[in-house]
Protein chains: 2
Amino acid sequence: MDYQNYVQILKAMADPNRLKIIDLLSCGSLCACDILEHFNFSQPTLSHHMKVLQNAGIVSARKDGKWQHYTLNEEFMTSFKKDTDLLLTSDDQCICHSDADCPNCSSGKVAITNEKN
Amino acid sequence: MDYQNYVQILKAMADPNRLKIIDLLSCGSLCACDILEHFNFSQPTLSHHMKVLQNAGIVSARKDGKWQHYTLNEEFMTSFKKDTDLLLTSDDQCICHSDADCPNCSSGKVAITNEKN
DNA sequence: AACTAATATAGATGTTTGTCTATGTATAAG
DNA sequence: CTTATACATAGACAAACATCTATATTAGTT
């Protein structure tokens with residue numbers, strides 16, 4: 001799996017305020033000023049958070065006159081859940097399979113989830 | 001949902017090395033020295049990372065002689081996926097429902113996913 | 001008892017990050 | 001054209017964080 005992208009997403013989510021923004025957007029699109037009303041921090045701080053969320057591919061923005069409308073990316077929601085499953089599942093893509101000295105691989109502990117081999 | 005706990009988990013995961021540790025442990029339990037072999041950082045650094053993962057409830061440790069065996073918590077894996085689903089779904093627990101001025105609530109955009117009301 | 005191996009703790013350090021104030025830019029309204 | 005509104009950018013700063021070296025602790029071994 002693509003660690004870099006997944007870590008960037010996790011970092012973007014790992015802030016209580018940005019998490020709240022994601023939660024807000026999960027109800028539907030919102031413009032910056034509507035989001036800002038839910039917080040105590042300044043407008044530039046929100047601007048910064050929205051940029052972090054956009055850079056991580058979590059949120060996309062659409063400009064409409066003076067307003068910026070933010071929407072949760074459908075692709076993020078599906079791929080994040082998929083990557084999480086991939087991470088927490090012992091499968092062929094497990095990192096230890098590329099390591100000949102891995103105790104779990106050599107001891108056969110992974111065999112149960114690797115029956116096709 | 002419990003933001004505090006979820007954010008703590010996200011913060012613990014939002015580091016490339018700790019993410020790799022989680023991936024390693026998803027194949028089965030490992031002791032500290034086995035984990036350390038996969039990295040270039042020092043032993044105290046690993047000790048620090050393992051503590052972060054334990055404090056977040058992601059990993060639990062069992063001492064066996066000189067060795068510390070680390071295991072991915074089953075409870076973390078299930079609750080993390082559940083919380084993620086909860087976050088990314090517009091449902092009754094959506095944060096905006098506690099806010100009378102929320103544009104999405106007042107405009108009825110959420111109605112589709114809230115048919116029982 | 002002395003030694004070695006596995007891990008933890010303490011303290012220092014450079015980097016990242018969340019936040020702020022001040023200011024710039026773009027769009028609409030009067 | 002001036003003014004107000006919505007948002008972005010620049011730069012500063014304190015707190016959090018990842019890492020290191022040095023040292024302590026714990027448990028086997030000789």
Side-chain angles (χ1 to χ4, degrees), chain A residues 3-25 29-71 101-104, chain B residues 3-25 29-71 101-104:
Chain A
Y3 269 35
Q4 283 201 302
N5 180 49
Y6 190 61
V7 168
Q8 193 184 6
I9 287 175
L10 287 170
K11 276 189 179 170
M13 294 175 74
D15 173 89
N17 289 321
R18 285 197 294 264
L19 199 63
K20 192 172 163 184
I21 293 171
I22 293 174
D23 206 356
L24 285 167
L25 290 177
S29 298
L30 289 172
C31 73
C33 54
D34 285 332
I35 298 174
L36 190 58
E37 282 180 357
H38 291 83
F39 297 95
N40 290 321
F41 51 63
S42 66
Q43 175 268 320
T45 296
L46 176 67
S47 210
H48 165 254
H49 284 315
M50 296 317 294
K51 179 150 284 182
V52 171
L53 291 172
Q54 286 181 81
N55 288 342
I58 295 175
V59 157
S60 54
R62 172 180 50 85
K63 191 161 190 178
D64 175 28
K66 288 187 295 184
W67 292 276
Q68 277 282 12
H69 289 270
Y70 293 105
T71 312
D101 298 329
C102 173
N104 282 327
Chain B
Y3 269 36
Q4 283 202 303
N5 181 47
Y6 190 61
V7 168
Q8 192 184 7
I9 288 176
L10 287 170
K11 276 188 180 172
M13 294 176 74
D15 173 271
N17 290 322
R18 285 197 294 265
L19 198 63
K20 192 172 162 184
I21 293 171
I22 293 174
D23 205 356
L24 284 168
L25 291 175
S29 298
L30 289 172
C31 72
C33 54
D34 285 332
I35 298 174
L36 190 57
E37 282 180 356
H38 291 83
F39 297 95
N40 289 321
F41 52 61
S42 66
Q43 174 268 320
T45 297
L46 177 66
S47 210
H48 164 253
H49 283 314
M50 297 318 296
K51 179 150 286 181
V52 172
L53 291 172
Q54 286 180 81
N55 289 340
I58 295 175
V59 156
S60 55
R62 172 179 49 85
K63 192 161 193 181
D64 174 28
K66 289 186 295 186
W67 292 275
Q68 278 281 13
H69 289 270
Y70 294 105
T71 311
D101 297 329
C102 174
N104 282 326

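All chains are named by letter (A, B, ...) in the order of the sequence lines, taking the proteins before the strands, and each is independently numbered beginning at 1.
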query: Under 4.0 Å between a side-chain N/O of Q68(B) and OP1 or OP2 of dA8(C), yes or no?
result: yes

- prompt: Is the phosphate of dC20(C), meaning OP1 or OP2, less than 4.0 Å from a side-chain N or O of S42(A)?
  reply: yes

message: Checking contacts here: which listed nucleotide (dC20(C), dA18(D), dC7(D)) is nearest the side-chain heavy atoms of D15(B)?
response: dA18(D)

task: Figure out the CD1/C1' separation between I35(B) and dT7(C), and round it to whole Å.
output: 12 Å

query: Is there a side-chain contact between L30(A) and I21(A), using heavy atoms and a 4.5 Å cut-off?
result: no

query: For the pair made of CD in Q8(B) and P in dC17(D), what is the distance, rounded to whole Å?
result: 10 Å

- prompt: Quick one: does K20(A)'s side chain have a donor or acceptor within less than 3.5 Å of a partner on H38(A)'s backbone?
  reply: yes

task: Describe the nucleic acid contact of H49(A) in one word from base, sugar-phosphate, nothing, applying a heavy-atom distance below 4.0 Å.
output: sugar-phosphate

field: Nearest-neighbour nucleotide for the H48(A) side chain, dG18(C), dT26(D), dA18(D) considered
entry: dG18(C)

message: In whole Å, I'd like the distance from the CE atom of M50(A) to the P atom of dT9(D).
response: 13 Å

Gap between atoms CG and C1', on L36(A) and dG18(C) respectively (whole Å): 15 Å

task: Could you check how far NZ of K66(B) sits from C1' of dA27(D), rounded to whole Å?
output: 7 Å

field: R18(A) side chain near I58(A) side chain, heavy-atom distance below 4.5 Å
entry: no

query: Which of the following nucleotides, dT9(D), dA8(C), dA6(C), is nearest to the side chain of P44(B)?
result: dA8(C)

message: Without decimals, in angstroms, what is the distance between Y70(B) OH and dT7(C) P?
response: 7 Å

- prompt: What's the closest nucleotide to the A32(A) side chain, out of dC20(D), dC7(D), dG18(C)?
  reply: dC7(D)

message: Among dG18(C), dA6(D), dT26(D), which nucleotide has an atom closest to any side-chain atom of K63(B)?
response: dT26(D)

- prompt: Starting at NZ of K11(A) and ending at C1' of dT16(C), how long is that distance when rounded to a whole Å?
  reply: 8 Å

query: Is any side-chain nitrogen or oxygen of N17(B) closer than 4.0 Å to OP1 or OP2 of dT19(D)?
result: yes

message: Quick one: does any side-chain atom of Q8(A) pair with a main-chain N or O of N55(A) as donor and acceptor, under 3.5 Å?
response: yes

statement: Per atom distances to the W67(B) side chain, the nearest of dG18(C), dT7(C), dC7(D) is dT7(C)

field: Beyond-backbone contact of L24(A) with D34(A), side-chain heavy atoms, under 4.5 angstrom
entry: no

query: Hey, is the side chain of T45(B) poking within less than 4.0 Å of OP1 or OP2 on dA18(D), counting only N and O atoms?
result: no

query: Heavy atoms under 4.0 Å, any strand shown: does F39(A) hit a base, just sugar-phosphate, or nothing?
result: nothing

task: For D64(A) and dA6(D), give me the distance from atom CG to atom P, rounded to whole Å.
output: 13 Å

message: Is any side-chain heavy atom of C31(B) closer than 4.5 Å to one of Q68(B)?
response: no

message: Ignoring hydrogens and geometry beyond distance, is the side chain of Q43(A) in donor-acceptor contact with the base of dA6(D) at under 3.5 Å?
response: no

message: Does dT9(D) have its OP1 or OP2 closer than 4.0 Å to a side-chain nitrogen or oxygen of K51(A)?
response: yes

